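What follows is a single structure, written as structure tokens, with notes after it.
Every chain is numbered from 1 and lettered A, B, ... according to where its sequence line falls, protein lines coming before strand lines. Quick caveat, the model's predicted, so the values are computed rather than measured.
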There are 2 protein chains.
Amino acid sequence: MRKRRPTSDATEIIHRRFYEGRPERLAELAEAEANDSVARKIHELRTGSGLTQRELAKLVGTTASVISRMEDANYEGHSLAMLRRIARALNRRVELRFVRTGERKKVA
Amino acid sequence: MRKRRPTSDATEIIHRRFYEGRPERLAELAEAEANDSVARKIHELRTGSGLTQRELAKLVGTTASVISRMEDANYEGHSLAMLRRIARALNRRVELRFVRTGERKKVA
DNA sequence: CGCTCCTTTCGCAATTTTGCGAAATCCGGT
DNA sequence: ACCGGATTTCGCAAAATTGCGAAAGGAGCG
């Protein structure tokens, strides 16, 4: 792969400009994406169950501001304990996996 | 499934005696198993990579006693941040999933 | 036994996360 | 524009996790 295909995807352009070939930044990016992913999962889990933050908070045994904080993509302080509390309140369990990086891109 | 098959599996017997039909205890059990699972995964990941606790600790940027603590099945204080540090040191990434409980048993 | 390396346990300080209420912001619906 | 309800942000105290060295426990080996 020598030459790049043109793209109009902003995310892609930004990626090329700031991260490509910069290991340190790539690590930060991975971190950021991971947090974003957790935040989003919690958000989806909650809204998918038709609950407001306050309602979920009550089920979990905390307050709405705490839930809001966990749904914030920039929050990095997730603990397994808290994630499990949320999971349990929604009849889920937390499953954890260590997957090899540099894996071939999945088909889907 | 009306009647039980006899068993000689100690774990199974203990399970029947202390947990079966006791929701509260079952919650504790789930918790304990989850922690055990995380501890074991870390242990397997490390030994699978042929590393001692001290070596992994160095890669992660901490000390052996910390690694030992994380591989202790009774330890409950895992944070996503620490799990990610370990994952990264071993070229993995942490994947998190909230799976419905009471799910049909998987074939494999 | 003595030696070495690995792992576990202990204590405490340092850092980080959680708890939580108040106030600000956002967002429809009327 | 006004009114709730929902979400976000702010600030601290309380609680929990991490950092880390020292000491104790094992296991293997000559």
Side-chain angles (χ1 to χ4, degrees), chain A residues 27-28 30-90 92-96 98, chain B residues 27-90 92-98:
Chain A
E28 292 166 26
E31 195 76 11
E33 286 179 343
N35 288 321
D36 180 62
S37 158
V38 174
R40 204 173 313 194
K41 279 193 170 87
I42 294 173
H43 180 80
E44 283 171 10
L45 212 53
R46 176 176 65 78
T47 55
S49 300
L51 298 170
T52 65
Q53 293 183 334
R54 183 174 305 179
E55 291 170 328
L56 174 56
K58 186 156 201 174
L59 288 178
V60 170
T62 184
T63 59
S65 60
V66 172
I67 301 298
S68 174
R69 184 162 52 196
M70 302 203 70
E71 292 184 5
D72 177 349
N74 289 104
Y75 181 64
E76 302 185 352
H78 303 282
S79 73
L80 261 201
M82 182 52 104
L83 292 173
R84 289 214 191 95
R85 286 168 60 187
I86 290 179
R88 187 156 42 207
L90 267 30
R92 300 285 195 296
R93 85 191 135 76
V94 174
E95 198 172 288
L96 204 54
F98 290 94
Chain B
E28 292 167 25
L29 181 61
E31 194 76 12
E33 285 179 344
N35 288 321
D36 180 60
S37 159
V38 174
R40 206 174 311 196
K41 279 193 170 88
I42 294 174
H43 181 80
E44 282 169 12
L45 211 53
R46 176 176 66 80
T47 56
S49 300
L51 298 170
T52 66
Q53 293 182 336
R54 182 174 308 186
E55 291 171 327
L56 174 57
K58 186 156 201 174
L59 288 178
V60 170
T62 184
T63 59
S65 60
V66 172
I67 301 298
S68 175
R69 186 162 51 197
M70 302 203 70
E71 293 183 7
D72 177 349
N74 290 104
Y75 182 64
E76 303 186 350
H78 303 282
S79 72
L80 260 201
M82 182 51 105
L83 292 173
R84 290 214 191 95
R85 285 168 61 187
I86 290 179
R88 188 157 39 206
L90 266 30
R92 301 285 196 297
R93 83 192 136 79
V94 175
E95 197 172 289
L96 202 55
R97 286 201 298 173
F98 291 95

- ring-ring contact (aromatic ring centres under 6.0 Å, His included) pairs, two or more places apart, involving residues 32-55 of chain B: none

- Message: Listing request: all ring-ring contact (aromatic ring centres under 6.0 Å, His included) pairs with a residue in residues 50-89 of chain B, at least two apart in sequence or in separate chains.
- Response: B:Tyr75-B:His78

- Task: Spell out protein contact along nucleotides 23-30 of chain C as letters: B when the base is contacted, S when just the sugar-phosphate is, - when no protein heavy atom is under 4.0 Å; keep the 5' to 3' order.
- Result: --------

- Query: Pick from B:Ile67, B:Val66, B:Thr47: which one makes a side-chain contact (heavy atoms from CB on, under 4.5 Å) with B:Leu56?
  - Reply: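 Looking at B:Ile67, B:Val66, B:Thr47, the match for B:Leu56 under the side-chain contact (heavy atoms from CB on, under 4.5 Å) is B:Ile67.
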
- Query: Between the two end axes of the helix from C:dC1-D:dG30 to C:dT30-D:dA1, each built from 5 base pairs, what angle do you get to the nearest 10°?
  - Reply: 50°

- Message: Just verifying a value: how many Å separate B:Ile86 CD1 and B:Ile42 CD1, rounded to the nearest 0.5 Å?
- Response: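 If I round to the nearest 0.5 Å, the distance is 4.5 Å.
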
- Note on the structure: NZ of B:Lys41 to CG of A:Leu96, rounded to nearest 0.5 Å, is 6.0 Å

- Message: Assess the residue pair A:Val38 and A:Met70 against the criterion (side chain to side chain contact (heavy atoms under 4.5 Å, CB included)); give the C-alpha distance rounded to whole Å, side-chain angles, the decisive distance to 0.1 Å, and a yes or no.
- Response: CA-CA 8 Å; A:Val38 174; A:Met70 302 203 70; over 6 Å; no

Taking side-chain hydrogen bond (donor to acceptor under 3.5 Å, both in side chains) as the definition, give me every residue that meets it alongside [X], ordered by chain and number, with sequence neighbours left out.
X	result
A:Thr62	none
A:Arg85	none
B:Ser65	B:Thr63
B:Ser49	none

Between [atom2] of [N] and [atom1] of [X], the distance in whole Å:
X	N	atom1	atom2	value
B:Asn74	C:dT8	CG	P	12 Å
B:Arg46	C:dT8	CZ	C1'	12 Å
B:Leu51	C:dT7	CG	C1'	15 Å

- Item | Bounds of contact between DNA chain D and chain A, in 5' to 3' order, using a heavy-atom cut-off under 4.0 Å | D:dA6 to D:dT9

- Of B:Glu55 and B:Ser79, whose closest DNA chain C nucleotide lies nearer the 5' terminus?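 Nearest nucleotide further toward 5': that of B:Glu55.
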
- Message: Filter on salt bridge (Lys or Arg N to Asp or Glu O under 4.0 Å), then keep only pairs touching residues 67-81 of chain A, sequence neighbours left out; what's left?
- Response: A:Arg46-A:Glu71

- Query: Does anything in residues 50-64 of chain B pair up under salt bridge (Lys or Arg N to Asp or Glu O under 4.0 Å), and if so which pairs, sequence neighbours excluded?
  - Reply: none

- Residue pair B:Leu83 / A:Phe98: nearest heavy atoms and the distance that separates them: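 Closest approach of B:Leu83 to A:Phe98, heavy atoms only: O-CE2, 3.8 Å.
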
- Strictly below 4.0 Å, heavy-atom distances to any atom of DNA chain D: list the hits from residues 58-73 of chain B, or just say none.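 Per residue number, the list reads B:Thr62, B:Thr63, B:Ser65, B:Val66, B:Arg69.
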
- Message: What's A:Glu76 touching, base or sugar-phosphate or nothing? Going by heavy atoms closer than 4.0 Å.
- Response: sugar-phosphate

